Each structure stands twice: as C-alpha cells, then as structure tokens.
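None of the values given here were measured: they were computed from a predicted structure. Residue numbers begin at 1 in each chain, while the letters A, B, ... track the order of the sequences.
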Number of protein chains: 2
Amino acid sequence: MKSKSDVFTRILTALTISPFVVLCFVSYKSLVGLVATVVFFASYEYLTFSLKGHGHTIVRLLVNTLVVLSTMFYGLALEKFVYSNDNAKRPELVFLIIMIAISSIVIFSIKDPKKAKDFVVNGIFSLFYVAMNLSFFFPIYLKFGASLALLTLVSVWVYDAGAYFIGMRFGRIRISPSYSPKKSLEGVIGGFVTTFLFFLIYETAREILLSGEIFTLSAVNSLILSAVVAFFGTVGDIVESSFKRYHNVKDSGSILPGHGGMLDRIDGLLFVVPMFYIFLILFS
Amino acid sequence: MKSKSDVFTRILTALTISPFVVLCFVSYKSLVGLVATVVFFASYEYLTFSLKGHGHTIVRLLVNTLVVLSTMFYGLALEKFVYSNDNAKRPELVFLIIMIAISSIVIFSIKDPKKAKDFVVNGIFSLFYVAMNLSFFFPIYLKFGASLALLTLVSVWVYDAGAYFIGMRFGRIRISPSYSPKKSLEGVIGGFVTTFLFFLIYETAREILLSGEIFTLSAVNSLILSAVVAFFGTVGDIVESSFKRYHNVKDSGSILPGHGGMLDRIDGLLFVVPMFYIFLILFS
Ligand SMILES: [Mg+2]
Ligand SMILES: [Mg+2]
C-alpha cells in the first residue's frame, strides 16, 4: 500500500515530464532523439542490475552506448530506405551489426570466462529487449503518422493509470503472486476498460482535428488494440519484475521520483510497441 | 593435439554430410528447411548447456521450438514480401513476436524467480544469436541467388579447414589464450589466404558456368570478403568457446562425430552470414 504523498509524487513527476515527451512527437527526428534517450536510461539500468558485482564498468558503459546507437542508426536508416523500393536494404541489420560488435568488444576486453558470457548475453538481450522493441515506434510513425505513434505511448500510460487506481481500490484476485504480487485481475480489467474509453475519445478527437484522409480506427479496432495494450502491457511488466526478483532489486533505478527507474516505467511499453504496429498493419 | 584417427573421423563426417547440405541450396524452400534444421540442433545445444540443472525440460523444448519457428516464418514471410513494394511489412517482426511469446510462456509456466530470468534471457539470446543471424541466408539467396548463398557457407568451411591445418602445422602466436588456446595468428592468416584463393577459383567457375548477366565479385571484393570471413569467423568461434568455458562444457553436443556439436560447427558462420550480406549489398 502506497501512502498519499507517494501517489502525489508519482502524479507530479508524470505531469512534469509528459509535456516534453509528447512534444517530441512533433517530428520524426525528435522522436528518434526521445526514443534513444529512453533506451539509454532503460538499458543502463538493465545492465547495471544484471551485471552487478561484475566490475568492468567501462565495458558495460561501452556496451550500453552501442545499444543506444543501434536505436539511432535504425531510426535514421529506416527513414532513408522506407521511401525507396529497395527491399534488399534491411535496416534491421543494424541490430545484428551491433550484436556482433558487442560480442567482439567483450571477448577482447574481458578475459575471465566466468564473466564474459554474462556481458555478451545481457548486452545482446538489452539490445533486442529494450532497443529493438522500442525502435518500432519508428515504423509506426513513418507509416501511420505522429498521432498514432503518440497513441501507442499514451494508451500504455492510460492503461497503467487505470490498472493502478482500480487495482488499488478493488484488487482481489492476484495474477502473478511470485513476480508482481500487487497486480490483480480487477486492475487489468479496469485498465482495459479505461484504455478502451480513452481510445474512443482519442479517435473522435483525431477525426475532428485532423483534416484530409486519415486512417482511423473503428470501434472494433480500438477494442482489439485495448486488449493488446492490456495483455502485453501486463506481461511486459511481469517479465521485468521477474528480472528484478532474480537480482533482488526493488526498483530498476531511481531516475523518476515516485516511479522508480526508467525501465520500470517502460516495461509494459516494450512489448506493446511491436504488437501495436503489427495490429495496425493488419487493420490497414 | 588431435590424433590421426580424429582428423580422419572429422574429414569423413564432413564428406558424408556436405553433399546433402549443398543440395539443399537447389531451391529457396529447401534452404529454409536446411537452415531451420541447423537452428533446431544449434539452439537446442545452446539452451541445454545454458540451462543445465534448471529442470523444466518441457519449457526448454517449447522455447527451442519457438526459436526454430521464427526461422521458418521469417524465411516464408521474406519471400512473400520481398517482391511487393510494401515497406511497411517488416518480416523481422517475426523475431519480436517470438521474443514476446517466449517471455510470456516462461513467465506463466515457471514460478521460481531464481530460474525464470535465465529461461527468458537465454531463450531470447538463442533466438537472435542462432536463429536471426543464420536466417540472413534468406535475403542473400533472394537477392544474390543460390551460388552466392552457397559461397557464404562454403567459404567458412574452407576458412575453418585452412586455419585448422595451417594452425596445427605452424601455429605459434596464440590469439585467445583464455577462451580458445588452440587458435593461432598463423592459423587465421593461413585460413584467410586459403579462403581468398578459394574465392578466386569459385568466382572463375561461376563466370564460366552461369550464363547471362550475373553479379560477379571483383578480386578486391573477394579479398575484402575473405577478410570478413576470417575476422568474424574467428570472433564467432571464440565467443561460442567463451560460453562453453562459462558452463564448463567441452563440446556443445555430440551430433557430428569428430566435430563436436552443431553449434561448435556453425559458431563462426553465425557472425559471418549477416556481415557477408552487408558487404554484398555494399558491393552491388
Ligand atoms: Mg515491472
Ligand atoms: Mg568455438
């Protein structure tokens, strides 16, 4: 049970940060900057708790830099090739190049067989789990525009808030006693309903505000996407919680007052972004 | 130092298997089958030694099946979309879907916080390290044809053989005492020269045999690609050796008499395939 002042801090942090985050969706390049920044902190936290006590701080920071670079290069490469009809250029290769670079650097700089594998495996895990997942904001933005990219992010915020407050008030049936004892089925359902209502409002607003021919979501589309957000947002959150249990940490970091770390904040989003894109493609 | 009969077994295994492997390059679909089979065994071995003593065999096998499915789906999706001009369809999403599926399955079936993370992280590592790397045979095949896809594979065989025999005879300067004490700089250089000579022969043969307009490699292209094979083949081999040291295993498996396991056989290839594709794109 959190105290009133904790909830207050949490809301205050959200209100302070969200305007800047939302503003970054104004152009593609600023979105790349935003996503890279978030990847930087989230990946840094993941590598810090996963490689605790392993030393080699410089290697760890270098690996983290490579993870962040993958996001930036992917964002820039995707924009460059998306308008060409050359299917042979596969921007996703960026992640494979960085995977190979991380492996090479670790293997030449760490000589202790009891450590090298942890650096390689966790570095590469962070590359795909944090950077590649989150980088799918870029195809969403390029194909469906700023408003749907923003919806991807905000729908997870709305879901989290709905699940948090409704779960706090009515939560009874626990869905993951071993990893996330605070999560309840009531919270998930409450979050799902909240998200669906938000979708309907957001779509109505988009239709009014954006003139011209835009791709709009039907009520059924919105219902399905709300379910996607609820399911994958919850799974993503529990998966990240299981990592924290494994390493015996309470929060992934302390960068966001009231919210714990950056990774704690985006854990649900990580799985939602690529799934959201897939469903948008299916609907379009 | 290996005995004469070991070398004999090694050569015999190679001679028995290589005809079938080469024949699989006759069509795209058979290549997909071949790559999926290799991924199956290599990923199985990786997960077996990485999750030794963790139990939950069924979950481990299920994760492995998902890893193999990613290769097959990617191969089929790539062929389907490569001729369409729709850049929004990104077949690489297959790997993200499987990443999320692996995480979900593990988190709902394993309740022990000291084990769940190992299953998630190693399962997803295997997905990208084994399956996604090796799946880049598919874009090579679709864009550059069977003969260059086959060259990717055979050049690594030639490099390995050259490095092995020349290193055995002249090896003095050790390049990775902590992970691969048998590897020598002389072996790497010998392998590189052998590979380059092989490239020249192979390209001459292709020009004579394949009529019509084909994309041929210049001598400089061949030299660069030989260096790519030598460098990334060696790094890939050392990286995999570091995993075996970490888990105290000698061979990744015992499926190939004289060669150890499947993963031991393809460890260098894993990093060569995507790099080979990138350089082919740069040359074309
Ligand atoms: Mg969490
Ligand atoms: Mg090896």
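Heavy-atom neighbours of chain B within the stretch residues 276-284 of chain A, taken at a separation under 4.5 angstrom, comprise A/Y277, A/I278, A/I281.
For a residue to count as touching a neighbouring chain, one of its non-hydrogen atoms must lie under 4.5 Å from one of that chain's; by this rule B/L142 does not touch chain A. In this structure, chain A has heavy atoms under 4.5 Å from both the backbone and the side chain of B/V239. If you measure heavy-atom distances from A/F125 to chain B, the contacts under 4.5 Å come from the side chain alone. With a 4.5 angstrom heavy-atom cutoff, B/F136 touches chain A only via side-chain atoms. B/P177 does not touch chain A: none of its heavy atoms, backbone or side chain, sits under 4.5 Å away. Proximity to chain B is limited to the backbone of A/D112, based on heavy atoms less than 4.5 angstrom apart. The contact between B/Y179 and chain A is made entirely by side chain atoms (from C-beta outward), counting heavy-atom distances below 4.5 Å. B/K143 touches chain A through its side chain: at least one heavy atom from C-beta onward sits under 4.5 Å away, while N, CA, C and O do not.
Between the side chain of A/E45 and the main chain of A/L263, a donor-acceptor pair closer than 3.5 Å is present. Side-chain N or O atoms of B/N133 include none that pairs as donor or acceptor with a backbone N or O of B/V130 at under 3.5 Å. Using a distance-only test at 3.5 Å, with no hydrogens or angles considered, a donor-acceptor pair links the side chain of A/K52 to the main chain of A/H247. Put simply, the side chain of B/S184 gets close to the backbone of B/G187: a donor and an acceptor are under 3.5 Å apart.
Counting heavy-atom pairs closer than 4.5 Å to chain A, the top residue among B/S103, B/A116, B/S176, B/P91 is B/S103. Among B/S242, B/P139, B/S178, the residue making the largest number of heavy-atom pairs under 4.5 Å with chain A is B/S178. Residue with the most contacts toward chain A among B/R245, B/M132, B/K115: B/M132 (heavy-atom pairs, distance under 4.5 Å). The greatest number of non-hydrogen atom pairs below 4.5 Å with chain B, out of A/K111, A/M275, A/K89, is found for A/K111. Highest contact tally toward chain A, considering only B/N248, B/V121, B/I124, B/L78, is held by B/V121 [criterion: heavy-atom pairs under 4.5 Å].
In this model, no donor atom of one side chain and acceptor atom of the other lie less than 3.5 Å apart for B/Y129 and B/S43. Using modelled atom types and a 3.5 Å distance limit, the side chains of B/Y159 and B/T234 yield a donor-acceptor pair. No hydrogens or angles considered: nothing links the side chains of A/E79 and A/Y28 as a donor-acceptor pair under 3.5 Å. Judged by distance alone, the side chains of A/N122 and B/K117 do bring a donor and an acceptor atom under 3.5 Å apart. The closest side-chain donor-acceptor pair between B/Y46 and B/N64, if any, does not fall under 3.5 angstrom. B/T195 and B/S155 are not linked by any side-chain donor-acceptor pair at a separation below 3.5 angstrom, with hydrogens and angles left out of the test.
Side-chain contact check for B/L62 versus B/I102: every heavy-atom pair is 4.5 Å or farther apart.
Judged by the 6.0 Å and 45° rule, A/K244 forms no cation-pi pair with A/F49.
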